[in-house]
Structure formats: structure tokens, C-alpha cells
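Structure record follows, encoded as C-alpha cells.
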Amino acid sequence: MNLKGRLISANALTVILPVVITVITAMAYIFVAGKLSDTEQVFRNTQEVARLTMELVGSENSVLRQYPEKIEDISFQKELQARMEILNGEVVVLQGENVLFSSRNLTAIDVVKLKKATVQFRGAQVDFGNQSYTVQMFDVSRGETGEGNKTTLYLLVPINPASFNTTNFLFFSGLVFLLSFIGANAISSYYFSLRILSPLHNLQKAAMEITLGNLDSEIVEEGDQEVRELCRDLERMRIQLKDSVHTQLRYEDNRKMLISSISHDLKTPVTSIKGYVEGLLDGIANSPEKKEKYLKTIYRKAEQVDTMIDDLLLYAKLDLNQIPFSFEKTNIKEFLYDGIQEIEPEMERNGIKVLFESELNTVQEIPLDRERMMRVIMNIIDNSRKYMDKTEGIITLSLRETYSSIIIEIKDNGSGIPEKDVTQIFERFYRSDTARSEIKGSGLGLAIAKQIVEGHEGRIWAVSRESKGTSVLISLPRGQ
Ligand SMILES: Nc1ncnc2c1ncn2[C@@H]1O[C@H](COP(=O)(O)OP(=O)(O)OP(=O)(O)O)[C@@H](O)[C@H]1O
Ligand SMILES: [Mg+2]
């Protein structure tokens, strides 16, 4: 639910719920109170009226049978009134149309109503004001009197006894409303805090952590839609911040590493160039042959520095994605074959045989930046040559295909790479200990190869067994 919806429903809940509860409980109160008072009171009333009737006219010995004149006696009338009052009932004595006695004020209309009600049957019902009564009528005339002059006693028993206490009812309803109002408020506040305040509190804590530089604690999405969106945005921000800090650290690391490696790797040839030049200046190279040898060495060292700088520049550019790749659809088999043709003579001079195998069934054309991919192949083959320790060196290039890619494998039977180094040889400046001490290189060849292969959306990895040989594998996505 969103925040607006929740606020509206919380407000509605705090008003509607107490009202509904109050109405329901009030109805229940009325029902139960009515039921209780009805049944008990009606029973008691019936008993009392029956007893009174018995006393008054029930038998030959009853008061009014023996002394009908008592009905006109005011003290008798008051006594009857007192007994009926217990039932909230009324006593009326009529003589013809005249009211001899009445425990309540009767209008002429009331008298007519009363008489009319009892015309048909004795246990009739009459309404006075809001109150309904059952009426018991007794004829208590003395001797023979005309129909119009009969003395009649009426006992009125309330049908709906007025035991329903309005004050109690209002108090009860008020209390229920108040309690349910407090309850509804408590519930809505609890949910409000659960869904909004506590997630906000967590967010605040997370923001604090970020401010303090702790970018590792994940921000969990919770709460209402808006709060969740806020969490998501903050989490995205945290990840980006973490990435950028990470990248910055990596660059910083790179920079340090580059500076130390460059200075170290460049220093070695430059120092020896300096040495040879000094030798020339001091006249140590005193014969033309010696001079030529010195100059050739200087030239070789200068070339070494040159390639190293080229490699470095290339690597730096690739790393910063500065030079765009130019892809061309290329027949991969021909491409590799041509490459091998070029290097074969040089390899043969080093006593290394180069073999080429293709398992491709059809002509495969894939998009390649030919110049750079050739650089990759050459870097790998150059390693196989450099780290070859067998007298009969063999380098095998093979070509395979899978459903989605073309795999180039360059396998040699050279020195192999120690297991601990295999995964690291694609890192820049990484060289295994033996290579570092014995063979020249800057440790950029495979790092450059990796950058280029990844620029082709491909993957490069190596499998090696020490003293047995190494396989470097490249997988390139097949063109559409
Ligand atoms: N075919 C291989 N046989 C044995 N070791 C290898 C082979 N290829 C790579 N290595 C190891 O991996 C390291 C990294 O190779 P990489 O080509 O990146 O650098 P390098 O050859 O030392 O220097 P550069 O290629 O820049 O002249 C090498 O120093 C070597 O220890
Ligand atoms: Mg190399």
C-alpha cells in the first residue's frame, strides 16, 4: 500500500471502527437488556397480578367479593396503588364514565380507550403515551346497577417495563466509543510505526553508516511503497558509491603499480645502455669489433625499452577504452593459418614446430579486429617460444566450435606454469618467479591479450601442468 492510501485508511479506521463497534455493542446492549428485563419482569408481573387478582376477586372470600364498597375507600385504593407500583403498574377505578380513582392522570380520551379496549375481552392491551399496558378488568359493582353506572377496577401492567435505563445505556455506549477509539488509534499508530517509522529509522541508520564510510551494509527494502522506493534508491546509491570507491582504489593501486613496475622495468635496460655508452666514451671498446658489439647491444636494449613503452601505452589505452575496435567479418581458419605462415620460419629457427588443426565443419566468419586479434595470438605464441624448455618444441593451434562460440587453443610442451600462478598470469605485470629471474619481458603480453579478447566479448583462460606444457584457450562468440 502507498503512504497516501495508508494515511487515509488509518484515519478512516480511527473514526469508522469506533462508530461501528459502538453501534454494534449498543444494539447488543438493547437486545440483551430487553431480553433480560422482558422475561424476568413479565414473569414477576404475571405472578404478582395473579396473586392480587386472587386476593381481590378470586374466591367468595376475596376482599371485593365480600366488601365491594371498599373499592370506594381511598385507603384501599392507595394500598392497591402501592402494590401495583412495584410492577410499575397503574390502578384505575371507574364508575360509568367517571374516574373514581386513578394512579395516573387520565384524560377523557384515555378513559374511552380503556373502556373500548376491554369491551371485547378482559386481558386487553392499551397504550398511554409511550407505554403499553395489559389491562385486567374487574366488575366490582354493588348489587344491581345500570350498565352505565358499573364500578370497574382496572389493573394495568406495563408490557415493556421501563427498566431500560437511558443513563446507563448512554454511559455504556460512551465508554465503548472511547475505548474503541483509543484501541483503533493504538492499532493504527502501531501499524503506522511498523510500516513507516521503523523502516525510516533503519534508513536513517543506514545513511549514517554511509556517512561514516561503511558502504558494506546492505539496505533492505521494507515498509510502504514510497519508503521501499526510497530504500531502493538509497541502496542503488550505496552500490554506486561503493563501486566508485572501489574503482578509485583500483586506479590508485594501478597507478602505484604502474609507476613502480615501469620504473623498475625501464631502469634495467636503461642502466645497461648507460654502462655500454660509458664503455664507449671511456675507450674500453678499443677495437672496431668491440665497438660494433657495444653499439649492437645498446641498440637491442633501446629496442627493448621501445617495445616496453609501446606495450605500456597500448595497455593503458585499452584499459581506458580509448581506442575503438574496428571489427570485420573474418574467416577464422584462414586468419589463423595466415598468422602461422608468418611466424613459422622464426619458430623453426628456434627449433619449434608449429601445427595447425581445425575441427570446424563449416566456414566460420566472425567479427574480429584483425590487427589486435593477431597481436593476441602472437603474444601467446611468443610466450610458448620464450618459455619453451624442450629441445623438440611443439606448438599446436587448434580450432573447435560449440553451439555459441569458436574456441582457439594454443598448446605448447614448454615449461608449464606453477599451479598457484595460472589464474594470475592475465594480470598486468604478473610474471612467475622463474620468468622474472631468467627471461625478459614486462608481464604485459597476456594482460593486453585479455583486454583485446574481452573487447571481442570473448573469454581467455589457461590450463597448465608444470614441466609438461601450457594451453591458452580463447572463446569468441560466433557471429549471427
Ligand atoms: N606458455 C607459457 N609457458 C610457461 N609460462 C608462461 C606461458 N605463458 C605465460 N607464462 C607465464 O605467465 C607470465 C605472464 O605472461 P605475459 O605474456 O603476460 O608476460 P611476459 O611474457 O613475462 O612479458 P611480455 O609478454 O610483456 O614480454 C609469464 O611471465 C610466465 O611466467
Ligand atoms: Mg609474454
Side-chain angles (χ1 to χ4, degrees), residues 254 257-270 272 300-319 336 339-340 343 346-347 350-355 372-398 408-455 458-474:
N254 252 353
M257 181 108 159
L258 266 173
I259 291 172
S260 73
S261 305
I262 294 167
S263 39
H264 176 265
D265 289 350
L266 288 182
K267 202 165 171 60
T268 327
V270 169
S272 65
R300 237 189 22 251
K301 296 280 171 192
E303 250 189 345
Q304 208 179 317
V305 173
D306 196 39
T307 12
M308 211 180 276
I309 289 171
D310 280 351
D311 278 358
L312 258 174
L313 282 176
L314 177 63
Y315 178 80
K317 280 182 185 162
L318 285 170
D319 199 28
L336 289 180
I340 292 172
I343 48 145
E346 157 84 11
M347 290 296 156
N350 286 284
I352 298 172
K353 230 198 255 167
V354 184
L355 308 175
R372 290 203 194 146
M373 191 48 75
M374 192 49 80
R375 172 100 194 221
V376 172
I377 307 294
M378 291 309 151
N379 281 3
I380 299 170
I381 293 181
D382 188 47
N383 283 349
S384 295
R385 177 191 60 78
K386 276 205 293 187
Y387 307 108
M388 178 58 68
D389 57 354
K390 314 287 187 303
T391 39
E392 269 191 29
I394 301 172
I395 299 175
T396 315
L397 255 94
S398 46
I408 307 167
E409 179 176 359
I410 300 166
K411 187 170 149 192
D412 64 46
N413 60 342
S415 63
I417 306 166
E419 210 181 315
K420 67 175 174 56
D421 295 334
V422 179
T423 49
Q424 302 186 66
I425 55 173
F426 296 98
E427 284 171 23
R428 69 210 178 295
F429 305 120
Y430 192 87
R431 310 194 69 209
S432 72
D433 295 339
T434 37
R436 197 170 284 281
S437 56
E438 293 161 15
I439 301 149
K440 291 201 166 46
S442 56
L444 279 172
L446 288 180
I448 291 173
K450 187 176 178 209
Q451 297 266 27
I452 295 174
V453 170
E454 282 175 357
R459 231 160 52 76
I460 183 167
W461 68 104
V463 182
S464 183
R465 279 176 65 198
E466 229 178 326
S467 78
K468 289 276 193 285
T470 304
S471 273
V472 177
L473 296 109
I474 299 169

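These figures come from a predicted structure and were not determined experimentally. For ligands, and for the atoms within them, numbers begin at 1 and follow the listed sequence.
Heavy atoms of L446 found under 4.0 angstrom from ligand 1 belong to the backbone as well as the side chain. The side chain of S415, and not its backbone, has at least one atom closer than 4.0 Å to an atom of ligand 1 (non-hydrogen atoms only; side chain from C-beta on). Contact annotation: for F426 versus ligand 1, there are no heavy atoms closer than 4.0 Å. With a heavy-atom cut-off of 4.0 Å, D412 touches ligand 1 through its side chain alone.
With hydrogens and angles disregarded, a donor-acceptor distance shorter than 3.5 Å links the side chain of S415 to the backbone of Y387. With R385 contributing its side chain and N350 its backbone, the two residues share no donor-acceptor pair below 3.5 Å. Side-chain atoms of K411 do not come within 3.5 Å of backbone N or O of I394 as any donor-acceptor pair.
Ion pairing of R375 with D311 is present here, as a side-chain N (NZ or NE/NH1/NH2) and a carboxylate O approach within less than 4.0 Å.
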Is there a side-chain contact (heavy atoms from CB on, under 4.5 Å) between F426 and I460 once you walk through the steps? CA-CA 9 Å; F426 296 98; I460 183 167; 3.6 Å; yes
Chi angles and distances behind the side-chain contact (heavy atoms from CB on, under 4.5 Å) call for I380, L446: CA-CA 7 Å; I380 299 170; L446 288 180; 4.1 Å; yes
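Look at N379 and the Mg ion (ligand 2): no N/O/S atom of the residue is under 2.8 Å from the metal.
In this model, a donor atom of one side chain and an acceptor atom of the other lie less than 3.5 Å apart for Y430 and D421.
Every N/O-N/O distance between A447 and ligand 1 stays at or above 3.5 Å. Among the atoms of G443, some N or O lies under 3.5 angstrom from an N or O of ligand 1.
Annotation for ligand 1: atoms under 4.0 Å from non-hydrogen atoms of S442 are 23 (O), 24 (P), 26 (O), 27 (O). Close contacts between ligand 1 and S432 involve ligand atoms 29 (O), 31 (O) [criterion: under 4.0 Å to a heavy atom]. Short contacts between ligand 1 and Y430, defined as distances under 4.0 Å to a heavy atom of the residue, involve ligand atoms 13 (C), 14 (C).
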